[in-house]
Amino acid sequence: MKSLRTRGGLSVRVEARSALVVLLLLLAALAASVVLIGTGDYPIGFADVVRTLLGEGNPGQEFIVNDLRLPRVLVALLVGAALGLGGAVFQSVSRNPLGSPDILGLGQGSTAGALFTIVVLGGSATQVTLGALAGGLLTGAAIYLLAWKRGVHGYRFVLVGIGAAAIVTAVNGYLLTKADLVDAARALVWMTGSLTGRDWDQVWPLLALCAVLVPLALVNARPLRMLEMGDDAAGALGVRVERTRLLLMLSAVVLTAAATAAAGPVGFLALTAPQLAKRLTKAPGPNLVPAMAMGATLLVVADWSSQRIFGADQLPVGVLTGVLGGAYLLWLLVTERRAGRI
């Protein structure tokens, strides 16, 4: 581990292995993004994609790359990074590898907000996005308040989240039964979690939120690491426990809701990305930056895989991540049970 000190006196600790893992993941995400941009009904070679991104492609390539495919890839990168960071924060706050937005019901809450907007209000795409954000925030607030008992701790937080997820899932099913055929089909397409048809209208709002909330979470990475030692120990070290926890959870909830609003509920990415990143870095603490890099890489690779195997529009990426993430969850439960932690 090395310490870097800025001219202003700010000291930042950098672990060599973690930095290497992040660098390799970013390179993998970049390479996969270029390959994904070149994939489709009109394939474009790797070198041609790079030249087009640098402004040296022909008009046809520039239209396909910059207008049709680049926004989809950027949404994938931003959604993956947001879900990875949100999952890392929640797993660290709950001190539980199962404490991710997928398990806690935040994705289901965003889905409920979107479904209500589609089925009841008949809202536009922008209104569906706002509905998803509102649903995620309301669900997160409800879970926090219900889990509160002289603070928010461990398994109580996870159990309340699991219960909330079950309730909200039932509400989502009810909303679908009340929808007409057109709205139900529209809602089901959104609920699968897909990057199909994503354009710059999804990129800019998500990028703006990430630009504000990601630095906010990273600044609080050190207090978050102290919170993993317990509230009493963190408080003794000068951490304002509840203020820090509430600020981090609010950031994670908004990031998760924004990601869900942009791409639908992409299952289990927030659960797996932080754990895989931690296994690669072998570093203690929340590993926020590695989790972001892992989430972005996983989603881009998953989208490329779904297109290569099943065609661009035949298998939404949320289905693929759900299958793989579910298998990972079963493996994680078996591992935790053998270790005597559940």
Side-chain angles (χ1 to χ4, degrees), residues 1-23 25-26 29 77-96 99-101 104 106 133 136-137 140-141 144 151-153 157 204-259 270 273-275 277-278 280-281 283-297:
M1 179 182 295
K2 296 182 179 180
S3 294
L4 303 179
R5 186 174 296 275
T6 65
R7 292 182 178 180
L10 178 64
S11 179
V12 179
R13 291 184 176 182
V14 178
E15 296 183 354
R17 183 185 177 95
S18 297
L20 179 61
V21 168
V22 170
L23 177 61
L25 286 173
L26 290 177
L77 292 171
L78 291 170
V79 167
L83 291 177
L85 179 59
V89 168
F90 273 106
Q91 289 176 16
S92 183
V93 166
S94 63
R95 300 193 291 276
N96 191 315
S100 78
L104 298 178
L106 297 176
L133 284 169
L137 286 171
Y144 187 86
V152 177
H153 306 285
F157 182 67
W204 298 121
L206 186 56
L207 181 61
L209 284 174
C210 288
V212 174
L213 297 175
V214 169
L216 181 62
L218 296 181
V219 166
N220 287 279
R222 186 169 180 270
L224 179 60
R225 183 171 180 174
M226 294 179 182
L227 284 175
E228 291 183 343
M229 299 185 294
D231 290 1
D232 293 337
L237 293 172
V239 177
R240 299 175 64 177
V241 174
E242 287 306 323
R243 178 182 178 276
T244 301
R245 179 157 42 218
L246 183 60
L247 185 64
L248 284 165
M249 289 180 62
L250 179 62
S251 300
V253 168
V254 175
L255 283 172
T256 302
Q275 292 299 309
K278 184 172 291 188
L280 288 177
T281 62
N287 286 275
L288 298 184
V289 176
M292 290 176 57
M294 178 62 76
T297 304

Note, Lys278 side chain near Pro290 side chain (heavy atom, < 4.5 Å): no
To the nearest 0.5 Å, how far apart are CG in Leu83 and CG in Leu255? 9.0 Å
With a 4.5 Å limit on heavy-atom distance, are the side chains of Leu85 and Val289 in contact? no
For Ala291 and Ala273, work out which heavy atoms get closest and say how close. O-CB, 4.0 Å
Are any side-chain N or O atoms of Arg95 and backbone N or O atoms of Leu227, one a donor and one an acceptor, separated by less than 3.5 Å? yes
List the steps and the verdict of side chain to side chain contact (heavy atoms under 4.5 Å, CB included) for Val93 and Met249. CA-CA 8 Å; Val93 166; Met249 289 180 62; 4.0 Å; yes
Which residue pairs satisfy the ring-ring contact (aromatic ring centres under 6.0 Å, His included) criterion with at least one member in residues 204-255, sequence neighbours excluded? Trp200-Trp204
Is Ser92 reaching over with its side chain to a backbone N or O of Ala88, donor-acceptor style, under 3.5 angstrom? no
Evaluate side chain to side chain contact (heavy atoms under 4.5 Å, CB included) for Ser251 paired with Val89, printing each intermediate quantity in order. CA-CA 9 Å; Ser251 300; Val89 168; over 6 Å; no
Indicate yes or no: at least one non-hydrogen side-chain atom of Met292 is less than 4.5 angstrom from one of Val214. yes
Assess the side chains of Asn287 and Thr281: does a donor N or O sit below 3.5 Å from an acceptor N or O? yes
Min side-chain heavy-atom separation Met294-Pro274 under 4.5 Å: no
So, taking the atom named CG in Leu133 and the one named CG in Leu209, what distance separates them when rounded to the nearest 0.5 Å? 7.0 Å
List in chain and number order the residues that pass side-chain hydrogen bond (donor to acceptor under 3.5 Å, both in side chains) with Thr297, two or more places apart in sequence or in another chain; answer none if no residue qualifies. none
Applying side chain to side chain contact (heavy atoms under 4.5 Å, CB included), run through Tyr144 and Leu246 and close with a yes or a no. CA-CA 9 Å; Tyr144 187 86; Leu246 183 60; 4.0 Å; yes
Return the minimal non-hydrogen interatomic distance between Ala259 and Leu206, and the atom names on each side. N-CD1, 4.1 Å
Report yes or no: does Arg240 contribute a side-chain atom to a donor-acceptor pair with the main-chain N or O of Arg245 at less than 3.5 Å? no
Decide yes or no for Ser94 and Phe157: does some side-chain heavy atom of the first lie under 4.5 Å from some side-chain heavy atom of the second? yes
Please name the pair of heavy atoms, one in Thr244 and one in Pro223, separated by the smallest distance, quoted to 0.1 Å. CG2-CB, 3.7 Å
Taking all atoms of both residues into account, what is the closest heavy-atom pair of Val253 and Leu106, and its distance? CG2-CD1, 4.0 Å
Quick check: closest heavy atoms across Gly86 and Thr256, and the distance to 0.1 Å? CA-OG1, 4.3 Å
Shortest non-hydrogen contact from Val212 to Pro215? O-CD, 3.6 Å
